[in-house]
Chemist: 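What follows is a single structure, and I will ask about it in a moment.
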Amino acid sequence: MTPPATLSTATTPALPVGVEIKEIPPLAPGELSLIEMHTLFNMLNVLSGELMVIGLHLADDADLFTSSLALCGRIKDRLSDPARALEFAANVAAEEQAILAEIEAVRVRHAVPADDAEFHESLANIRSVFRILEVRAQEALARARAPGRWIDFTLEDLRRDFQEVFTAIEKNSKGRYRIIYNLARQQPSDYYIDFVIESTNGRSLAMPMLFKDVIRDLIANARKYTLPSGTINVGLYETDAELRFVVQDTGRGIPPARSRPSCSSAGAAAMSRSSARWAAASA
Amino acid sequence: MEVEITEIPPLAPGERSLIDMHSLLNVVNVLSGELMLVGLHLADDPNLLARSLRLSQEITRGLTEPAKAFAFASRVADYEQEILEEIVAASAAHPVQAAQLDHRETVDNIRSVFSVLEVRAREVMAQLQAPGQWVSYTIDGLRNDFLAVFAAIEKNSKGRYRIIYNLARQQPNDYYVDFVVESSDRLSLSMPILFKDVVRDLIANARKYTAPGGTINIGLYETATELRFVVQDTGCGIPADEIRTVVGFGRRGSNVAQVRTMGGGFGLTKAFLVAKQFGGRMWIKSELGAGTRITVTLPRPLR
C-alpha cells in the first residue's frame, strides 16, 4: 500500500523561465561609464521632467527653463566620459545653484503666488532630487577612489535608505500611485512592496558600493514594468560565502527569447512574473 | 479578474458543523496519516494501530454533529493518552523498528499534532460558548502563532519543502512566505475566533495549490472600521468560469482535481460563511497558472 499522503503539492512551476545570464554583447565606448553613472543619469531625467512640468504649468511651455534643461542635457552627455562625469559629481552644488537661480528668476517674472501648490510641490521635488543627487554623486566619487571596495552598511541604515528610495519613487508619481507595505492595505492603484534584508550577524552586511545602485535600479525596473496593484518582492541576504539579492515582480515579464542576453519591455507578456537573482562571492 | 463572492449553494445537513469544526478536521486527518505511518514503520502495516485509527474515524464522523464535536473538543487530552498508549504498546512489540529515526520523528509529529489539536479544540469551545465574539490578540502573539503554523506545515512535509521568509534565501524547493500583520494601534488587533481559522485555512490553501519555488504574500490589517485580510499566491490559479462555483462546499478547481490533499475542500466555503456571518465581504482574483488573490473584509463591531 502507498504510504498515506501528507499535504500534497501543486505541480505548476512557480516561474516558467529561469536563465543564468553569463554574457552580454560588448559595450560601445562610453557605455560603461554611462552604466557606472546610471543612477545620476536617472536623477537628471527626473530633474528635467520636473523643470518641464513647471514650464508647462506656468507658461504652457515645456522648454521654459531653456538654460537649465540645456545644462541637464550637457551633463548627461558628459556622463559617458568617466573624467567629465566625476567632474560633474564633484560640482553638483554649483549646478544646483545655477538651476535654482533660473527657477527663482522665472518665479519672479511670472509672479508665482505663494499659494501655487503645483509650483511649490515641483520646486520641493527638485530640491529633494538635488539632495539625492548629492548622495549619489558622493557615492560615485567614493567608488572612483576605491573601485571594487566592499562597504559595511548596518541593516537599519540600509532599510531606511531603501525606504527613502520608495518614498521618492512614490512622490515622483505625483499621486498616480502609492507604495504600500502591507498587502491588506493595497488599493487598486497601489504597489505592494515587500522588502527583507538579513545577514548572518543580524546587524550589518557588506557590498560593493556599485551594488547598491544595482539594487535600486532593479527595484525601480520592477516598479516600472509592473502595473499599479502589482506586487514586488525583494530579498537581500548575506552569508559568510556570498551576498544574494532577488527581486521578483508581478509585471509584464520578458518574452523568453529576450531574457538572454538583454532585457526589453517590448513585446507581449509571455510571463506573468519575472525575477532577477544576483549572487556574488564575498570579498 | 476579481470577483466578489456574494452567494454559495445551500449547505446540506451536517455540512455547517463540519465547517465549524474544519480546523479540527484537518488536524485529525493529519493525525490519521501519521498513525498509518507508524504502522508502516513498525510492521509494514498501515492499519497496525487499529484502535487509534478507528477512534480518529469516529471523531471525524462526529464532527458533523455539533454536540459530538463539542464532546470531542473537550476531551482531546483523553484521546491523546489513549492513542499514545497504543503507540507505546506497538513500539514495545517492535523494538528494532521503534528505535529507527523515522519512527521516532513520526511519534514526535503525533505529539505536536496533539499540541495543535488542544489549541484548536480550546478555540472551538470558546467559539461555541460565545459565537460572534471578537477576541483581542497582540500583534506579536499573532505573528508567533502563524510562524508556528508555518513551522508545522513545513514539518508535516517531511523534508519535501521548506518555508523561507527572505526571498534571497529561497531555493527551488522552498516556499517564500511574506506575512505582515498591522493594526492602527500597532499593538493588538481583534477578530472573531473563527476568523483565525479562516486566515489559517486560506494560507494553507495557498501553499497547497502553489508549487515549491512559489511565493505567498499575506497581509492582515485592522483599522478603526474594518479588519482586512489578503492572501496572494503564485500557484495554479482557478479557471475563470469556476471562480464563483469553487467556493461551494467540497468544490475544487477542475485544474487541481488530481492534487491529493488532507483537507475537506471547504476552506473557501468557510471563509465566505464567516465573512457573511460577520457582515463582511469576500473577493477572489485568479489567473490560471499565475496565482490567486483572496480578500476578506469584516466591519468592526460598534463599540
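Lettering follows sequence order; numbering is per chain, from 1. Owing to the predicted nature of the structure, the values given are computational and were not obtained by experimental measurement.
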Chemist: Taking heavy atoms only and a threshold strictly under 4.5 Å, list by residue number the residues of residues 151-183 of chain A that touch chain B; give 'none' if the list is empty.
Modeler: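 From residues 151-183 of chain A, the residues near chain B are A/Tyr181, A/Asn182, A/Leu183.
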Chemist: Checking heavy atoms, do the side chain of B/Gln232, its backbone, both or neither come under 4.5 Å from chain A?
Modeler: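 Contact with chain A: backbone and side chain both.
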Chemist: Applying salt bridge (charged side-chain N to carboxylate O under 4.0 Å, His left out), name anything that partners A/Asp217, two or more places apart in sequence or on another chain.
Modeler: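 A/Asp217: no salt bridge (charged side-chain N to carboxylate O under 4.0 Å, His left out) contacts found.
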Chemist: Are the side chains of A/Phe245 and A/Ile219 in touch, meaning some heavy atoms are under 4.5 Å apart?
Modeler: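 Sidechains of A/Ile219 and A/Phe245: in contact.
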Chemist: Between B/Leu227 and chain A, with a heavy-atom cut-off of 4.5 Å, which part of the residue counts as in contact: side chain, backbone, both or neither?
Modeler: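 Nothing of B/Leu227, per the 4.5 Å heavy-atom cut-off to chain A.
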Chemist: For B/Lys196, enumerate each residue passing the salt bridge (charged side-chain N to carboxylate O under 4.0 Å, His left out) test, keeping only those at least two apart in sequence or located in another chain.
Modeler: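 Salt bridge (charged side-chain N to carboxylate O under 4.0 Å, His left out) list for B/Lys196, sorted by chain: B/Glu123, B/Asp145.
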Chemist: Counting C-beta onward and ignoring hydrogens, is there a side-chain heavy-atom pair between B/Val181 and B/Phe146 closer than 4.5 Å?
Modeler: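 Side chain of B/Val181 against side chain of B/Phe146, heavy atoms only: no contact under 4.5 Å found.
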Chemist: Tell me whether the count of non-hydrogen atoms from other residues, nucleotides or ligands lying under 6.0 Å of CZ in A/Arg131 goes above 12.
Modeler: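 Counting neighbours around CZ of A/Arg131, more than 12 heavy atoms of other residues, nucleotides or ligands fall under 6.0 Å, so yes.
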Chemist: Residues in salt bridge (charged side-chain N to carboxylate O under 4.0 Å, His left out) with A/Glu139, at least two apart?
Modeler: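 So A/Glu139 forms a salt bridge (charged side-chain N to carboxylate O under 4.0 Å, His left out) with A/Lys212, A/Arg216.
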Chemist: If the plane angle is over 60° it's perpendicular, under 30° parallel, otherwise tilted; pick one for B/Phe179 and B/Phe150.
Modeler: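 Geometry flag for B/Phe150 against B/Phe179: perpendicular rings.
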